[in-house]
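I have placed the structure first, in the form of structure tokens, so that the comments after it can refer back to it.
Numbered from 1 within each chain, the chains take letters A, B, ... in sequence-line order. For clarity, every value in this text was computed on a predicted model and none was experimentally measured.
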Amino acid sequence: MLPPDFYQSPTLTLARSLIGKVLVRAHEGRQLKGRIVEVEAYHQDGDRAAHSYSGQTRRNAVMFGPPGFLYVYFIYGMHYCMNVVTEEDGVGAAVLIRALEPLEGIETMRALRGPQIKTRDLTNGPAKCCQAFAIDRKADGWPLNGSQLFLEDSEPLATNPIGTSKRIGITKSTELPWRFYVKDNIFVSKHPQAIL
DNA sequence: GCTACGATGACCT
DNA sequence: GGTCATCGTAGCA
């Protein structure tokens, strides 16, 4: 199966539309907020880097469920990463949240990440986002419009257009231009060659 | 049952 | 630039 069309796939459209949205986490009586500034798309069709590429398992089951839910997985023996499920029931696809711009609850994020962590290092990476937002295995399957986690409507990006590049940290299907980020935003995790 | 490895991050030079 | 901590998962026997 070939990868889906770049401009018509719901997953790729949603990946781009998530850029600039504000993620809100209610944690122990406080609100944590961060603007999404970097994401990557993963899809069962033609994307050998996707966890869903080889079919449904217990770990990736949420990816194959309905859209609008959180898929959280454990990686490298110590980190969690969070994704937004993007396609209809039965299709395994999701968007990885790779970086956030901290907006509110920064001291709580620092308490979760480490007291000496600089603000710009709190959430500039997928596992950092999970740690700063207190997201772990328990959040696998959470709705994205629930009481503990939701997306807030936000102003469209005034300046800073969206950049596109290859994805980071994978060894398969590396050619797919499925990473999206806010150009010139200091909270973006890394800066590979821009494509568009 | 066994084993290789990964959608990472922290720390070092 | 490089090293490595650490373990769940998937694939295979």
(message) Quick check for you: among C:dC7, B:dA7, C:dA10, whose closest atom lies nearest to any side-chain atom of A:Phe74?
(response) C:dC7
Measure the distance from [atom1] on [X] to [atom2] on [N] and round it to the nearest whole Å.
X: A:Tyr80; N: C:dT9; atom1: OH; atom2: P; value: 9 Å
X: A:Glu38; N: B:dA7; atom1: CD; atom2: P; value: 16 Å
X: A:Met78; N: C:dT9; atom1: CE; atom2: P; value: 15 Å
X: A:Leu96; N: B:dG6; atom1: CG; atom2: C1'; value: 13 Å
X: A:Phe187; N: B:dG9; atom1: CZ; atom2: C1'; value: 18 Å
X: A:Gln56; N: C:dA10; atom1: CD; atom2: P; value: 11 Å
X: A:His79; N: C:dT6; atom1: NE2; atom2: P; value: 11 Å
X: A:Arg58; N: C:dG8; atom1: CZ; atom2: P; value: 13 Å

Between [X] and [Y], does at least one N-O distance fall below 4.0 Å, as a salt bridge requires?
X: A:Lys166; Y: A:Glu175; value: no
X: A:Asp47; Y: A:Arg167; value: yes
X: A:Lys33; Y: A:Glu152; value: yes

Using OP1 and OP2 only, check whether a side-chain N or O of [X] sits under 4.0 Å from [N].
X: A:Ser54; N: C:dA10; answer: no
X: A:Arg179; N: B:dA7; answer: no
X: A:Arg59; N: C:dA10; answer: yes
X: A:His51; N: B:dA7; answer: yes

(message) In this structure, which stretches of DNA chain C are paired as stems of three or more consecutive Watson-Crick or G-U pairs, both distances less than 3.5 Å?
(response) B:1-6 with C:7-12, B:8-12 with C:1-5
(request) Decide if the gap between the ring center of A:Tyr73 and the ring center of A:Tyr71 is smaller than 6.0 angstrom. (result) yes
(message) For A:Glu87 and A:His43: C-alpha separation, side-chain torsions, deciding distance, then whether side-chain hydrogen bond (donor to acceptor under 3.5 Å, both in side chains) applies.
(response) CA-CA 9 Å; A:Glu87 304 249 357; A:His43 198 286; 3.3 Å; yes
Which part of the nucleic acid, if any, lies within contact of [X], taking any heavy atom under 4.0 Å across all strands shown: a base, the sugar-phosphate backbone alone, or nothing?
X: A:Ile170; result: sugar-phosphate
X: A:Met63; result: base
X: A:Arg98; result: sugar-phosphate

Closest heavy-atom contact between [X] and [Y]?
X: A:Glu101; Y: A:Asn185; result: OE1-ND2, 3.0 Å
X: A:Leu14; Y: A:Thr86; result: CD1-O, 3.6 Å
X: A:Ala99; Y: A:Val188; result: CB-CA, 4.2 Å
X: A:Ser189; Y: A:Ile168; result: OG-CD1, 4.1 Å

(message) Taking atom types as they are modelled, would you say the side chain of A:Tyr73 forms a donor-acceptor pair with the base of B:dA7 within the 3.5 Å cutoff?
(response) yes
(message) Both A:Asn60 and A:Ile75 contact DNA chain C. Which one's nearest nucleotide lies toward the 5' end?
(response) A:Ile75
(request) Name every residue in residues 111-139 of chain A that has at least one heavy atom under 4.0 Å from any atom of DNA chain B, in order of residue number, or write none if there are no such residues. (result) A:Arg113, A:Gly125, A:Pro126, A:Ala127, A:Lys128
(request) Determine, answering yes or no, if A:Tyr42 is stacked on B:dA7 under the 5.5 Å centre rule and the 30° plane rule. (result) yes
(request) Step through the shown structure and confirm whether more than 12 heavy atoms of other residues, nucleotides or ligands are within 6.0 Å of CD on A:Gln31. (result) yes
